[in-house]
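In listed order, ligands and their atoms are each counted from 1. For clarity, every value in this text was computed on a predicted model and none was experimentally measured.
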Amino acid sequence: MYHLLGIKYISEENINDIFQAAENFKEVIHRPIKKVPSLRDMTIANLFFENSTRTRISFELAEKRLSADVINFSASGSSVKKGETLLDTVNNILAMQVDMIVIRHSVPGAPVYLSKHIKAHIINAGDGTHEHPTQALLDGFSLKEKFGTLKGLNVAIVGDILHSRVALSNIFALKKCGANVRLCGPPTLIPAHITELGVTVSHNLRETLEWCDAVNMLRIQMERQNIRYFPSLREYSMQYGLTLPLLESLKKEIVILHPGPINRGVEISGEVADCSNSIILNQVENGVAVRMAVLYLLAQANKTTQKVS
Ligand code: CP
């Protein structure tokens, strides 16, 4: 069984294969008929135990563009509410001859746990504070599209690094592809020992912006915070919010990314989110092509001995 459980478990070569396939699929989704028959023999279940807008719709669209049969499951309204376990839920869905599972879960490691117990491809669509591999792949793909290469690129990730699966997956992906990564945020929201992953840390947003070619702005994950990590959102925003005056005061232009959902006026102002240097909606568009690539390559792994993870 071959899965995409996290960027940690895949190689630079795997990432490049995904980017190459995504380029081809991006061309497909711009055709008048945006569909290819590649996965017409596959049935894919999207299991969302946590809220999602972008990832869920993007996966469903990617699957339909590849002609797969798709079923969607959300924990709310399901028998999970009656006490059914994750494994029982998944095994019951697999009993209906499902080939591939896309799963989002609030528990870090849930996709890894499933991979040890079931016989189907698993794609991690975000597991708690652990990883969000397809987000990092679409971020990397969008940066590569913009700059031509990730090698030597200075990329800053700003915000709630401590609770962010997007940050961890981005660090793994960017470092594997040769980019330089700097994390920025209040000391309470930067994990201890994170520099062991080969990144640098700054607590100064202006200094970070002066250094980087592109900045990925992350939201504060209030739903994962049980204690207060900073005095108030207003104070956080004054220290670490990206505003147009700050952006315009820099000596150079930088590219702005955000994985969404955006909290306008907190980590990023509405003006910056919508400015010409923002590639936020390009990221969303590329998400479909990148997810088509991941689905396609995993399905191919079924047919050949090639191992993706
Ligand atoms: N970027 C992202 O994961 O967004 P959703 O939570 O809306 O899927």
If you look only at pairs with a residue in residues 144-153, which of them pass as a salt bridge (charged side-chain N to carboxylate O under 4.0 Å, His left out), with sequence neighbours excluded?
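Matches after skipping sequence neighbours: Glu12-Lys151, Lys26-Glu145.
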
Counting only heavy atoms not in Glu84, do more than 12 fall under 6.0 Å of its CD?
yes

Which atom pair, heavy atoms only, marks the closest approach of Ala289 to Phe25?
O-CB, 4.0 Å

For each nitrogen or oxygen atom of ligand 1, which protein N/O atoms lie closer than 3.5 Å, and how far apart are they, rounded to 0.1 Å?
from, atom 1, to, atom 2, distance (Å)
ligand 1, 1 (N), Gln135, OE1, 3.0
ligand 1, 1 (N), Pro259, O, 2.8
ligand 1, 1 (N), Gly260, O, 3.3
ligand 1, 3 (O), Thr55, OG1, 2.9
ligand 1, 3 (O), Arg104, NH2, 2.9
ligand 1, 3 (O), His132, NE2, 2.9
ligand 1, 4 (O), Arg54, NE, 3.0
ligand 1, 6 (O), Arg104, NH1, 2.9
ligand 1, 7 (O), Thr53, N, 2.8
ligand 1, 7 (O), Arg54, N, 3.0
ligand 1, 7 (O), Arg54, NE, 3.2
ligand 1, 7 (O), Arg54, NH2, 2.9
ligand 1, 8 (O), Ser52, OG, 2.6
ligand 1, 8 (O), Thr55, N, 3.0
ligand 1, 8 (O), Thr55, OG1, 2.6
ligand 1, 8 (O), Arg104, NH1, 3.4
ligand 1, 8 (O), Arg104, NH2, 3.4

Quick test of your reading of the model: are Arg165 and Glu50 salt-bridged, counting only N-O distances below 4.0 Å?
yes

Validate the cation-pi geometry between Arg291 and Phe59: distance from NZ or CZ to the six-membered ring centre under 6.0 Å, angle to the ring axis within 45°.
yes

Sub-4.5 Å side-chain heavy-atom contact between Tyr229 and Ile220:
no

